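Nothing here was measured: the structure is a model prediction, and the numbers come from that model. One-based numbering, in listed order, for ligands and for the atoms of each.
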Amino acid sequence: MRMRATHIKPFMNVLVIGKGGREHALVWKLKQSPRAGRLFCAPGNAGTAADGATNVAIEHTETEKLARFCIKENVGLVVIGPEDPLAAGFADFLRGKGLKVFGPSKEAARIEASKVFSKELMRHADVPTADFQVFDHPEPARTYVMSRDYPVVVKADGLAAGKGVIVCKDNAEARRAVDRIMSQEEFGAKAGRRIVVEKRMEGEELSVLALVSGRTILTFPPCQDHKAVNDGDTGPNTGGMGTYCPAPVGTPKLIAEFEESVFVPLVHAMKRGRYPFQGMLFAGMMLTNQGPRVLEFNARFGDPETQPLMMRLKTDLLDLLEAVADERLHEFEGCVEWDARPAVCVVIASGGYPGKYDTGKVITGIAEADALPDVKVFHAGTKLDELGRVATDGGRVLGVTALGDDLAAAKARAYEAVKLIGFTGMHYRTDIADKALRS
Ligand code: GLY
């Protein structure tokens, strides 16, 4: 481990944009920085407020208002959590106001916001991914899917809150997917203007996140998410029902090869294209029989990948994020420190999620769960009700995260904490990390 030269740096006020579990985990970790001044979260949740941030009731779409707030409160760094503001160019807007921002430009955020852009860039940079075709009219797409080997995946080009990716087992399903996206515009007119059709890849999924700034790529330990709502990877897909980190299937050799074959060519291609990436580059990868392949890129921290990552990160997060924004990330090469213990995050969701669900259910047991050693309950969809009680306010409600001496111990501790928590209709998967524990 290299030692980093340290300089005395001033206190800094920080604004985190977002209201999910990812943002609570970022706020919690930023608060631990000896340099953290006042922390703000817009709009935040009950957990960000409980952990020392001032929640600010301004939506990211109220751009002028947020910029004025930053200037008035002397915010030294804005950290943008979710994809929507990045895709809308909020980072560029704030930079234009002279603010320091962690997060990619609108042009670079297309790596997530446009599946067509992302796949074409991967093809151009020789990044391993599934073969694909792009369509901007439904008729040729319907003809094309008649001649495919199945299963295939039909993807809406634009952001669709994680729902615009449809796995099809035969050509009737594929034609229906084309209609839903392009003709019925189920995910919006803009998101469905173009589609990507590709062969479905088989294998184990892995989330590999790297801080990127200039030419520096700093890869974090690999995580594994659990997208399906029910145990055994059954039921509809969600935003993620739990994660663990490190995922042993992402061996150091595999991650080193992945950096060389994926992150390096992609980051260089983006730089050459004059849309350099600055922020967190998140590769969703599939470990196929032919080797690792990229499923998709995200232009932000993952949720719920961030929760176990922040539990394990020992290096000052504020220093790291500021270095990204300042293009000095090279100072941290070889000296980011991690807790050697693995972490497991179990997401507790509202009854009905990922379909329709109610909100406003009072949650009990959070304090008791948080009091267990090496446990942190990260809030996602929570708010304080009119009586000041923590209540549900979203589909994914909490991310109960625990460290353990090994993965089995981390899992046991996380579920011990989960069992202390209650609200009407809550549900969670009971098999987070089992894939690694079985192998
Ligand atoms: N965990 C998947 C995502 O953040 O998109």
**Student:** Determine whether any heavy atom of F282 lies closer than 4.0 Å to an atom of ligand 1.
**Tutor:**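 The answer is yes, since F282 has a heavy atom less than 4.0 Å from ligand 1.
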**Student:** Please list, in number order, the atoms of ligand 1 under 4.0 Å from a heavy atom of E305.
**Tutor:** 1 (N), 2 (C), 4 (O)
**Student:** Ion pair present between D51 and K29, side-chain N to carboxylate O less than 4.0 angstrom?
**Tutor:**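 Not counted as a salt bridge, because no side-chain N and carboxylate O are separated by less than 4.0 Å.
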**Student:** Among protein heavy atoms, which lies nearest atom 5 (O) of ligand 1, and at what distance?
**Tutor:**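 Its nearest protein heavy-atom neighbour is R300 NH2, 2.8 Å.
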**Student:** Decide whether an N or O pair under 3.5 Å exists between K227 and ligand 1.
**Tutor:** no
**Student:** Have a look at D225, N298, V347 and point out the one with the heavy atom closest to atom 1 (N) of ligand 1.
**Tutor:** D225
**Student:** May I ask you to check if R110 and F117 form a cation-pi contact, with NZ or CZ under 6.0 angstrom from the six-membered ring centre and within 45° of the axis?
**Tutor:**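 Judged by the rule, R110 and F117 form a cation-pi pair.
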**Student:** Does ligand 1 have a heavy atom under 4.0 Å from the side chain of R22, from its backbone, from both, or from neither?
**Tutor:**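 No part of R22 is near ligand 1 at this cut-off.
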**Student:** Any salt bridge linking E120 with R123? Criterion: basic side-chain nitrogen under 4.0 Å from a carboxylate oxygen.
**Tutor:**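 No.
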**Student:** Among V336, L209, V208, which residue meets the side chain to side chain contact (heavy atoms under 4.5 Å, CB included) test with T219?
**Tutor:** V208
**Student:** Hey, is G302 one of the residues with a heavy atom under 4.0 angstrom from ligand 1?
**Tutor:** yes
**Student:** Going by an N to O cut-off under 4.0 Å, is there a salt bridge joining D393 and K19?
**Tutor:**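 No, no charged N to carboxylate O under 4.0 Å.
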**Student:** Of all residues at least two apart in sequence or in a different chain, which pass the salt bridge (Lys or Arg N to Asp or Glu O under 4.0 Å) check with K31?
**Tutor:**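 By the salt bridge (Lys or Arg N to Asp or Glu O under 4.0 Å) rule, K31 matches no residue at all.
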**Student:** For ligand 1, is G239 a contact, meaning one of its heavy atoms is under 4.0 Å away?
**Tutor:** yes
